[in-house]
Every structure is written in C-alpha cells, then in structure tokens.
Amino acid sequence: MKIIQLAAVLLQIAPSVAFMPISGRNTKAVSSLEMASTAIVFGTSTGSTETVADLIAENLEGQVDGPFDVETLEGSVKDFFEKYDSLIVGTPTWNTGADSERSGTGWDELYYGDMQEMNLQGKKVAVFGLGDQISYSENYADATGELHDVFEALGCKMMGYTSQEGYEHEDSKSIRGDLFCGLLCDMVNQEELSEERVEKWVAQLKSEGFFEGSTAGGAPAPQVVDAVAIEDPPVASLEQLEDHSTLMDETIESHASDGFKPYHNPVTKSTMWVSSDGRSCYYTADTPKTTSVSP
C-alpha cells in the first residue's frame, strides 16, 4: 500500500516538472530535413529521351518516382503533377524551328491546355532535353526551351542550368543568358558523354538543394506546426510543487517504520530503501535520519 501511495505522489509531481517551460515564448515543432517528393516525367518518340530519364533515375537510387512517359500517365494529369514537390522533366526536339509545340510528343498537347489549370506555384523544376547539334546546329534541342518556359510561367522555381562548353551547336532556343536552361544530351553525336553529363547534373541538383524539403514517394510535405503557447507558471503552481514535495518526504519517511531499510551512499549522495524481504527498493536523493552502512 505504501508503494502505491508513493507512486501516486510521484505521478502528481512529475507532470509539473516535466512540462515546466524554460520561458514564456512560443516554440515551433520543426521536422528534420528529408528528401523531397520528386518525379521524373519525359516525352519521347524514338526512346532516346527515355534512356536519359533512366540514367537520371539510376543516379538517384530510388529517391524519385518514375520515370513516367507523359503520354501514358494514368488518372488526372493535374493531380499527378500537383502532388509532387519537385519535377524533373525531359523532351526531345522534332518540330525544328517551330514557334511552339516543338517536342513532337504528348507534352505539346498539355502545354497550353491542361497545364494551364495546374497549381504548380513554387515547385522546383529541372528540365533535360535531347537534340542533334550537328544536323540541326541552329536549332539544337529547341523544345527544351519551351518545356522550361511553360513551367516557369506557372510559377515554378527553375533549377539545373548548365554550361554550353563541350557542345558544337550554333544556336538554340534553350539558351538562357550564357547557359542552357537544363541538361542537354546529344545521343546521335555525343552519346558517349551522356552518362557523365547526367552524373554531373544530378550532383549539381543535389548541391542546389533541389531534393530537399519533404518525404519522398509523393507523400505530403511535413508541416511546421505552431506549438501551443506555454505561459510562465503562476506562483500557486510552485506552492503546489512544494506541498507535493513535503508529502513525498513524509511518505518516504514512513517507509522506515514499514520494513524499508535505508542504505546511504555518500559518494552519489543518494539513499537506497530496501524492503524487509529484499524484493522491492527505491532511491531518494536525501540523507535519512537513520542510516545503515551501504551494501
């Protein structure tokens, strides 16, 4: 019975101590940094863009969903794009020199239709594209530029711009300033460079923080939630704590006459109380009035 009474006292005191605030300021519960939910989506005619999409996915080792062919997406295309934090999107170029719809893939049907109804504001987007820089040197990978511009116009944060060094093109609608607006690969004339270019580009995206933000696999981003404000404890709470402490002292002292024998340790300044049958014990930080030799 005495043990039960002691436990009841400790349970009354513990909540007051455990939730005692350091200050009266509000705090925030912040989740740890995790991978963002990312999907790779591509359009293709001959399969080359899909090959590069696969290389990107391999370099990310399961950290992204896909690759998905834009023409075979199931369900609502709007819901699909909106559920991800970031998107890696790719296209070939076929309608060389055209002012719009230059990919020759399913992207062309989405750009100025369904995509205009999507809420993609603030999402991170990186584009990649394919082209033939020798046969079409003045229009190298033009469609990549349109892919970039459509997502940028929807409020996306565009990332992953790359240098023009190492290419033999004369001009491209994918140039923004002095850089390409994303990763460009030439599977006709420089296929042997594609793997290395993909590796460097993925590393660049990681360094730019492209994948940071939330959980992977299309799950919702963890929210930063305001914790309930904890006010400074009133004086009455401190008085109650003192009353509880006195009650605990009285309860502990009563155990000495109920078969619990104290053993004080002067090094740790604690006392171990052992029952007469040796099957129960507890510790206190005070020095008892009657002390036995430490075991």
Side-chain angles (χ1 to χ4, degrees), residues 39-56 66-73 77-78 80-81 84 86-118 120 123-191 193-194 197-198 201 205:
I40 300 176
V41 186
F42 66 91
T44 190
S45 293
T46 65
S48 295
T49 310
E50 182 176 8
T51 298
V52 174
D54 287 337
L55 286 174
I56 295 171
F68 301 100
D69 188 327
V70 70
E71 294 186 8
T72 60
L73 293 178
V77 176
K78 180 177 185 293
F80 176 88
F81 281 100
Y84 288 100
S86 53
L87 298 162
I88 298 175
V89 292
T91 181
T93 296
W94 285 99
N95 298 327
T96 306
D99 293 330
S100 63
E101 291 90 23
R102 294 190 289 265
S103 78
T105 71
W107 284 119
D108 296 340
E109 299 175 8
L110 295 178
Y111 285 155
Y112 309 106
D114 291 348
M115 288 192 67
Q116 299 306 310
E117 304 299 322
M118 297 180 188
L120 305 181
K123 293 185 184 294
K124 299 174 184 177
V125 174
V127 301
F128 67 96
L130 277 71
D132 181 341
Q133 62 191 305
I134 302 301
S135 300
Y136 303 95
S137 61
E138 295 182 356
N139 302 103
Y140 176 52
D142 277 357
T144 313
E146 184 177 19
L147 183 63
H148 168 279
D149 292 349
V150 170
F151 277 97
E152 184 177 47
L154 292 173
C156 297
K157 181 179 181 182
M158 308 307 296
M159 305 174 72
Y161 291 59
T162 60
S163 171
Q164 297 184 59
E165 280 188 44
Y167 296 85
E168 301 177 26
H169 64 292
E170 294 182 18
D171 199 5
S172 171
K173 292 184 175 67
S174 297
I175 297 173
R176 300 294 178 273
D178 294 329
L179 302 172
F180 286 134
C181 62
L183 167 68
L184 297 191
C185 293
D186 185 341
M187 298 292 279
V188 177
N189 306 289
Q190 295 180 335
E191 181 178 2
L193 299 178
S194 295
R197 283 171 173 168
V198 167
W201 191 58
L205 291 178

Treating [X] as the side-chain partner and [Y] as the backbone partner, does any N or O pair qualify as donor plus acceptor under 3.5 Å?
X: T93; Y: A143; result: yes
X: E168; Y: I134; result: no
X: T91; Y: G129; result: no
X: S174; Y: G145; result: yes
X: K123; Y: Y84; result: yes

Is there a side-chain contact between [X] and [Y] in this structure, where contact means two heavy atoms from C-beta onward sitting under 4.5 Å apart?
X: R176; Y: M158; result: no
X: I88; Y: W201; result: yes
X: L147; Y: S103; result: no
X: K173; Y: N139; result: yes
X: V52; Y: M187; result: yes
X: P67; Y: D54; result: yes

Query raised in the report: Between the side chains of W94 and S45, does any donor sit under 3.5 Å from an acceptor?
Result: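 The criterion, which ignores hydrogens and geometry beyond distance, is satisfied for S45 and W94.
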
* Do we see a donor-acceptor contact under 3.5 Å between the side chains of Q133 and E170? -> no

- Message: Apply side-chain contact (heavy atoms from CB on, under 4.5 Å) to residues V198 and L183 and explain how you reach the verdict.
- Response: CA-CA 8 Å; V198 167; L183 167 68; 3.9 Å; yes

*asked:* Below 30° counts as parallel, above 60° as perpendicular, anything between as tilted: where do the rings of Y161 and H148 land?
replied: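 It falls in the perpendicular class, over 60°.
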
| Under 30°, 30 to 60°, or over 60°: which ring-plane class applies to Y167 and Y140, parallel, tilted or perpendicular? |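 Tilted, since the angle between the ring planes falls between 30° and 60°.
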
Could you tell me the separation between the [atom1] atom of [X] and the [atom2] atom of [Y], rounded to the nearest 0.5 Å?
X: F180; Y: S172; atom1: CZ; atom2: OG; answer: 5.5 Å
X: D69; Y: T105; atom1: CG; atom2: OG1; answer: 8.0 Å
X: S100; Y: Y111; atom1: OG; atom2: OH; answer: 10.0 Å
X: L110; Y: Q116; atom1: CG; atom2: CD; answer: 10.5 Å
X: E71; Y: D108; atom1: CD; atom2: CG; answer: 9.0 Å
X: C156; Y: M118; atom1: SG; atom2: CE; answer: 10.0 Å

*Check step by step if side-chain contact (heavy atoms from CB on, under 4.5 Å) holds for Y136 and D142.*
CA-CA 10 Å; Y136 303 95; D142 277 357; over 6 Å; no

Scanning both residues in full, the closest heavy-atom pair of G166 with Q190 reads O-NE2, 3.1 Å

What one should report as the nearest heavy-atom pair of L205 and G160 is CD2-CA, 3.7 Å

Query raised in the report: For Q164, does the CD atom have more than 12 heavy-atom neighbours from other residues, nucleotides or ligands under 6.0 Å away?
Result: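 Yes, CD of Q164 has more than 12 neighbouring heavy atoms, counting only those of other groups under 6.0 Å.
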
Atom NZ of K157: over 12 foreign heavy atoms under 6.0 Å: no

Item to complete: Would you please test D132 and N189 for side chain to side chain donor-acceptor pair (under 3.5 Å) and show each step?
Response: CA-CA 7 Å; D132 181 341; N189 306 289; 2.8 Å; yes

For C181 and T144: C-alpha separation, side-chain torsions, deciding distance, then whether side-chain contact (heavy atoms from CB on, under 4.5 Å) applies.
CA-CA 8 Å; C181 62; T144 313; 4.1 Å; yes

Side chain to side chain contact (heavy atoms under 4.5 Å, CB included) test vs V89 passes for just one of F151, F128, F42, F68, namely F151

> Run the side-chain contact (heavy atoms from CB on, under 4.5 Å) check on W107 and V150 step by step: do they pass?
Replying inline: CA-CA 10 Å; W107 284 119; V150 170; over 6 Å; no

Check this for me, if you would: do R197 and D186 make a salt bridge, where the nitrogen-to-carboxylate-oxygen distance has to be below 4.0 angstrom? no

